[in-house]
Amino acid sequence: MKRRNFLRSVGSAGLLQTASAQTGRTPGLRLDLHTHYYTQAFFENVRESGGDFSFAKSPTGQTIITHKGSRFFGITPPMTDVNLRIEAMDRVGIDIQVVSLSTPNIFYTDGARQPAVARMMNNAYADLVVKNPKRFKAFASIPMDNPDEALKELHRTIGELKMNGVILLSNIGGKPLTSPQYRPFFAEANRMKLCIFLHPMLPVNSEPYKEYVLGPIIGFPMDTTLAVARMCYDGMFKDFPDIRWIIGHIGGAIPYLMERMDSGFHDFAECKVKIDQPPSFYLKKLYYDTVTFNPQNLMLTRGLVGSDHMVMGSDFPHLLGSIDRAVSSIEALNIPEAEKRQIFEGTALSILNNV
């Protein structure tokens with residue numbers, strides 16, 4: 001669908017008029033592609049799962065989800081309250097959020113149960129979009145450990161519910177995305193030119209990250225880095241070039257290690273068995289969200305991949321994220337207004353499905 005049809009479908013004429021009336025704002029839409037939404041039914045399902053995830057209270061009294069006894073994430077009111085989300089969006093001038101189900105996604109349960117949880121959450125997201133078509137779009141969750149159902153849910157959510165892509169984690173219950181059992185899914189995703197948002201998960205060995213909330217702070221970007229590096233050397237980006245990958249948290253450490261990965265390709269025979277170009281050739285074709293808010297990090301990534309491979313993200317409404325800084329960090333960059341607009345809307349409109 002052409003961009004003008006997308007703008008019509010989300011009622012953007014009024015949004016653009018509002019935007020133009022706000023002084024100091026880059027013209028156009030602002031789309032937040034890294035934001036998470038939950039339902040009470042989902043939290044209850046996690047509570048009753050009896051697995052590694054359980055509920056507790058933080059030292060400040062906040063309700064939190066723990067993983068094997070260590071803090072995983074804290075629950076905030078906007079996670080389940082749509083009105084609070086819209087208030088926050090209006091306050092900072094975000095027009096559209098693309099919501100997704102964060103870590104642990106549906107992978108706190110086994111392959112037999114994953115399809116039901118995926119359908120429950122994907123239906124809830126579809127309902128959210130129907131009720132608020134001008135403000136929300138959504139990434140689907142996929143029961144990856146049930147291969148037949150994974151393909152069914154992929155086709156249902158993208159083909160019937162008209163969702164805008166899927167969210168996957170950097171590991172699925174400890175298994176890498178390069179596992180052979182997932183390859184049919186990625187082959188179909190490539191055929192569909194699917195947009196996939198890669199979100200971090202705790203590293204397989206989470207023990208070193210138990211103290212000081214190191215899991216979310218350090219473990220998440222480390223596992224993203226590992227996942228992307230492994231997929232690159234394994235040839236997934238070469239073999240499935242039409243998948244549109246969005247890498248969360250500005251790629252973990254990938255922008256900083258791109259040159260080192262190229263050196264590995266040149267120096268070690270095992271790093272060139274499945275790829276025929278240096279890793280940076282493939283890594284520069286990926287898309288990176290701006291959940292870092294650090295201007296030096298943003299400018300480094302822009303210099304490596306270009307603003308046309310960057311999308312705005314906030315990680316709202318999680319701690320460590322910031323809906324305010326998601327916007328202000330881009331607006332404050334010393335780059336042309338056209339590039340800011342590219343990050344706010346242009347890249348997103350070019351890679352999302354069903355827009």
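In this chain, residues are counted from 1 in sequence order.
Within the 4.5 Å cutoff, the side chain of Leu319 has heavy atoms near those of the Gln62 side chain. The closest side-chain heavy-atom distance from Asn334 to Met299 is not below 4.5 Å. For the pair Met258/Lys284, a side-chain contact is recorded, criterion being any heavy-atom separation below 4.5 Å from C-beta on.
Formation of a donor-acceptor pair under 3.5 Å by the Asn353 side chain with backbone atoms of Lys162 is not found in this model. At least one donor-acceptor pair under 3.5 Å links the side chain of Thr35 to the backbone N or O of Phe316.
In this structure, Arg156 places its CZ atom where more than 12 heavy-atom neighbours from other residues, nucleotides or ligands lie under 6.0 Å away.
Residues passing the ring pair (Phe, Tyr, Trp, His ring centres under 6.0 Å) test with Phe185: none are found, sequence neighbours excluded. Residues that satisfy the side-chain hydrogen bond (donor to acceptor under 3.5 Å, both in side chains) test with Asp239, not counting sequence neighbours, are Arg183.
No donor-acceptor contact under 3.5 angstrom links the side chains of Tyr37 and Asp81, judged on distance only. In this structure, a donor-acceptor pair under 3.5 Å is absent between the side chains of Gln342 and Arg302.
Checked for salt-bridge contact, Glu345 and Arg341 meet the test: a charged N lies under 4.0 Å from a carboxylate O. Checked for salt-bridge contact, Asp148 and Lys152 miss the test: no charged N lies under 4.0 Å from a carboxylate O.
For the side-chain hydrogen bond (donor to acceptor under 3.5 Å, both in side chains) test with Gln97, the passing option among Arg135, Arg30, Arg85 is Arg85; the others fail. The only member of Tyr108, Phe53, Tyr209, Phe55 that meets ring pair (Phe, Tyr, Trp, His ring centres under 6.0 Å) when paired with His67 is Phe53. Here the options are Asp289, Val327, Val291, the test is side chain to side chain contact (heavy atoms under 4.5 Å, CB included), and the partner is Met312; only Val327 passes.
When every heavy atom of Pro176 is checked against every heavy atom of Arg230, the shortest pair comes out as CB-NH1, 3.4 Å.
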For residues 222-229, which side-chain N or O atoms pair as donor and acceptor with protein atoms under 3.5 Å away, sequence neighbours left out?
residue : atom : partner : partner atom : Å
Asp223  : OD2  : Ser170  : OG           : 2.6
Asp223  : OD2  : Asn171  : ND2          : 2.8
Thr224  : OG1  : Phe220  : O            : 3.3
Thr225  : OG1  : Pro221  : O            : 2.8
Thr225  : OG1  : Ala253  : N            : 2.7

Yes or no on ring-ring contact (aromatic ring centres under 6.0 Å, His included) for Phe73 and Tyr38, after CA distance, side-chain angles and deciding distance? CA-CA 13 Å; Phe73 75 73; Tyr38 308 85; 5.6 Å; yes

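Taking the ring centre of Phe268 as origin, the terminal cationic atom of Lys272 falls outside the region bounded by 6.0 Å and 45° from the ring axis.
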